[in-house]
Amino acid sequence: MKIAVLAGDGIGPEIIAQAVKVLDALRRDGLELELEHAPYGGAGYDAHGDPLPEPTLKLAKQADAVLCGAVGGPQYDALPRAQRPEQGILRIRKALGLFANLRPAFLFEELAGASSLKPELVAGLDILILRELTGDIYFGEPRGWRTNARGEREGYDTMLYSESEIRRIAEVGFQAALKRGRKLCSVDKENVLETSRLWREVVKDVAKNYPQVELSHMYVDNAAMQLVRNPKQFDVIVTGNMFGDILSDEASMLTGSIGMLPSASLDANNKGLYEPAHGSAPDIAGRNIANPLATILSAAMMLRYTFNLEAAARRIETAVKKVLAQGYRTADIHATEMRRVGTGEMGDAVVVALKT
Ligand code: NAD
C-alpha cells in the first residue's frame with residue numbers, strides 16, 4: 001500500500017507530520033504502508049518552478065493513495081496563474097481523474113459548544129456532502145475576457161455538465177446513501193440554469209436503480225439556508241462543483257472548526273487523494289498552533305475508502321474522539337476549561353490514544 005505524501009505549504013508540513021506520526025504508529029503495529037514524500041504547490045514551485053512537478057505527478061500516479069496538506073501562500077500570489085500553487089490542486093485532480101469529492105460534516109459531541117449554531121441544532125450532526133470535482137463552471141470552455149460591442153470589458157465562464165459526468169457522481173451519491181441513512185438530496189438551480197435542468201433529469205433517472213434511497217431535490221439558495229436552519233434533515237447531499245465548493249465550507253462551520261474536517265477525492269476505482277478541507281492558513285503557519293485533526297481524519301478516510309481497512313480507520317477516529325474527551329484542544333477549538341495544546345502535542349496525544 002503505497003502513499004504519496006504531499007505536505008505543501010503554510011501549515012501543510014506541520015499537520016502532515018502529525019498524520020504521518022499516526023500512520024507510523026499503525027505501521028509499527030503491522031500495517032504495511034509505504035510513504036514517499038514529494039514537493040507540491042508553492043513548495044513544488046520553489047523546488048522545480050512548477051506547482052505540480054513532473055516527479056510529484058509521477059509518484060502520485062504510481063501510488064495507491066495521495067495524502068496532502070494544503071497549498072498556497074501570499075508569497076505566490078503575484079505569480080502567473082499557471083504557476084500558482086492552487087493550479088497544482090486543479091491539475092492533480094484532473095490528472096488522477098478525481099471526480100468525486102467527499103466532505104463529511106460530522107460533529108464530535110465534545111465540540112458541540114464550538115459550533116456557530118446552537119448545540120441542539122447540531123448535536124449528533126453527521127452529513128456527507130458529495131461535490132463533483134472535475135466539471136462545471138470551473139473547467140467549462142470557453143472562458144475568458146473580451147470586449148463587448150460597447151467597448152466595455154466582459155468576463156465570462158461556461159457552466160457545463162455532460163450526462164455521463166452527472167450520472168457517475170449521482171451513482172456515487174446513491175451508493176454513499178445506501179451505506180448511511182439512505183437519504184440523498186440533490187442540490188441544483190433548476191429554476192434558472194439549463195445545466196441544472198439536465199442535472200435533475202439525469203439524477204432522477206439514476207434513482208430508478210436505487211428504490212431503497214429516498215431522493216429529494218433542493219435549490220442551492222434554499223440548501224444554503226437549510227444548512228443553518230436545520231442541518232440534521234440531511235444525510236447525503238450531492239451537487240456540482242461550484243455549489244459544492246460553497247456549501248461544503250458552510251457545512252464545515254457547523255462542526256466548530258474547519259480544522260476538524262477531512263476530505264476525500266476519489267476516482268472511479270476508489271484511488272483517492274485525501275486532504276483536510278481547509279487551506280494552508282498562512283496566518284498561523286510555523287507557530288505550532290494549527291489543528292492537525294482534519295489531516296489525521298483524512299488519513300482515516302484513506303484507510304477506509306482506498307484500502308478498505310475499516311477497523312484501522314475506526315481506530316484513528318476513536319483515538320481522535322478520545323483526545324477530545326480528554327480535553328485536548330488546539331487554539332481554534334479551545335474553550336477555557338480545556339487543555340490547550342499545540343499541533344505536535346495533539347498529534348502525540350492521538351498516537352497515545354491509539355494504544356489505549
Ligand atoms: P484557510 O482555510 O487556509 O484559512 C481560513 C482560516 O481558517 C484562517 O484564519 C486559518 O488560520 C484558519 N484555519 C485553517 N486551517 C486551520 C487549522 N488546521 N487549524 C486552525 N485554524 C485553521 O483559507 P484561506 O485563508 O482562504 O486561504 C489560505 C491559502 O490556502 C490561500 O493561498 C488559498 O488559496 C489556499 N487554499 C488551499 C486549499 C488546498 O490546498 N486544498 C484549500 C483552500 C485554500
Side-chain angles (χ1 to χ4, degrees), residues 5-19 39-46 51-52 56 60 66-79 81 83-94 96 98 101-103 111 114 116 131 133-134 138 241-242 244-265 272-299 301 320 323-324 328-335 338 340-347 350:
V5 181
L6 315 182
D9 313 316
I11 60 171
E14 300 165 61
I15 54 179
I16 276 287
Q18 310 317 312
Y40 166 59
Y45 175 78
D46 291 340
L52 183 61
T56 302
V66 183
L67 183 62
C68 290
V71 301
Q75 68 272 45
Y76 306 110
D77 283 353
L79 287 174
R81 210 158 86 102
Q83 279 145 22
R84 297 209 25 191
E86 293 78 3
Q87 286 300 309
I89 309 177
L90 299 180
R91 279 169 51 203
I92 200 169
R93 284 174 185 164
K94 259 289 192 231
L96 299 182
L98 306 173
N101 183 225
L102 282 71
R103 299 248 313 235
L111 295 183
S116 50
R131 164 187 171 196
L133 210 52
T134 53
Y138 293 174
N241 203 345
M242 180 166 64
D245 190 1
I246 298 164
L247 292 181
S248 56
D249 263 24
E250 185 188 2
S252 73
M253 276 324 291
L254 307 178
T255 66
S257 168
I258 197 160
M260 292 300 302
L261 287 182
S263 82
S265 305
L273 183 149
Y274 298 85
E275 59 187 334
H278 56 74
S280 58
D283 53 332
I284 58 167
R287 291 168 53 196
N288 191 38
I289 57 173
N291 186 345
L293 294 178
T295 315
I296 291 172
L297 292 167
S298 299
M301 283 185 92
V320 168
V323 298
L324 292 173
Y328 289 96
R329 298 284 188 278
T330 42
D332 54 310
I333 48 174
H334 186 247
M338 299 295 169
R340 183 166 168 167
V341 291
T343 311
E345 292 160 285
M346 185 60 111
V350 175

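This is a predicted model, so every value here is computed, not measured. Ligands are counted one by one from 1 in listed order, and the atoms in each one are counted from 1 as well.
Rounded to the nearest 0.5 Å, atoms CG (L102) and CZ (R131) are 12.0 Å apart. Separation of atoms CD (E275) and CD1 (I16) is listed at 9.5 Å; rounding is to 0.5 Å. A distance of 5.5 Å separates SG of C68 from CD1 of I92, quoted to the nearest 0.5 Å. To the nearest 0.5 angstrom, E14 atom CD is 7.5 Å from I284 atom CD1. Atoms CG and CD, from D9 and Q75 in turn, are 7.0 Å apart once rounded to the nearest 0.5 Å. Considering NE2 of H334 and CD1 of I289, their distance stands at 12.5 Å, rounded to 0.5 Å.
What sits closest to atom 39 (C) of ligand 1 on the protein, heavy atoms only, is I89 CD1, 3.4 Å. Looking only at heavy atoms of the protein, atom 33 (C) of ligand 1 is closest to E86 OE2, 3.5 Å. Nearest protein heavy-atom contact of atom 7 (O) of ligand 1 is I258 CG2, 4.0 Å. Regarding atom 40 (O) of ligand 1, its nearest protein heavy-atom neighbour is V71 N, 2.9 Å. For atom 42 (C) of ligand 1, the nearest non-hydrogen atom of the protein is G279 CA, 3.6 Å. Annotation: atom 6 (C) of ligand 1 to nearest protein heavy atom, D283 OD2, 5.0 Å. At the shortest separation from atom 25 (O) of ligand 1 among protein heavy atoms lies P282 CD, 4.8 Å.
The heavy atom nearest to atom 29 (C) of ligand 1, considering only G73, S280, S263, A281, is found in S280.
Each of N291, I11, D332, L261 was evaluated against H278; a single residue qualifies, I11, per the side-chain contact (heavy atoms from CB on, under 4.5 Å) test.
With a heavy-atom cut-off of 4.0 Å, I284 touches ligand 1 through its side chain alone. Contacts between N291 and ligand 1, counted as non-hydrogen atom pairs separated by less than 4.0 Å, involve both the backbone and the side chain.
A distance-only check finds a donor-acceptor pair linking the side chain of T56 to the backbone of P39 [under 3.5 Å]. A donor-acceptor pair is defined here as one N or O able to donate and one able to accept, closer than 3.5 Å; no such pair exists between the side chain of T295 and the backbone of A19.
For atom 36 (N) of ligand 1, the nearest protein heavy atom lies closer than 4.0 Å. Distance screen at 4.0 Å: atom 27 (O) of ligand 1 has no protein heavy-atom neighbour inside the cut-off.
Looking at ligand 1, you won't find any N or O of I11 less than 3.5 Å from one of its N or O atoms.
Taking a cut-off of under 4.0 Å to the non-hydrogen atoms of A70, the atoms of ligand 1 that pass are 40 (O). Each of the atoms 19 (N) of ligand 1 lies under 4.0 Å from some heavy atom of A290. Of all atoms in ligand 1, listed by their number and element, those nearer than 4.0 Å to a heavy atom of E275 are 41 (N). Per-residue contacts place G72 under 4.0 angstrom from the following atoms of ligand 1 (heavy atoms of the residue considered): 32 (O).
The salt bridge (charged side-chain N to carboxylate O under 4.0 Å, His left out) search around D46 returns none, not counting sequence neighbours.
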Intermediate values then yes/no, side chain to side chain contact (heavy atoms under 4.5 Å, CB included), R287 and T343: CA-CA 9 Å; R287 291 168 53 196; T343 311; over 6 Å; no
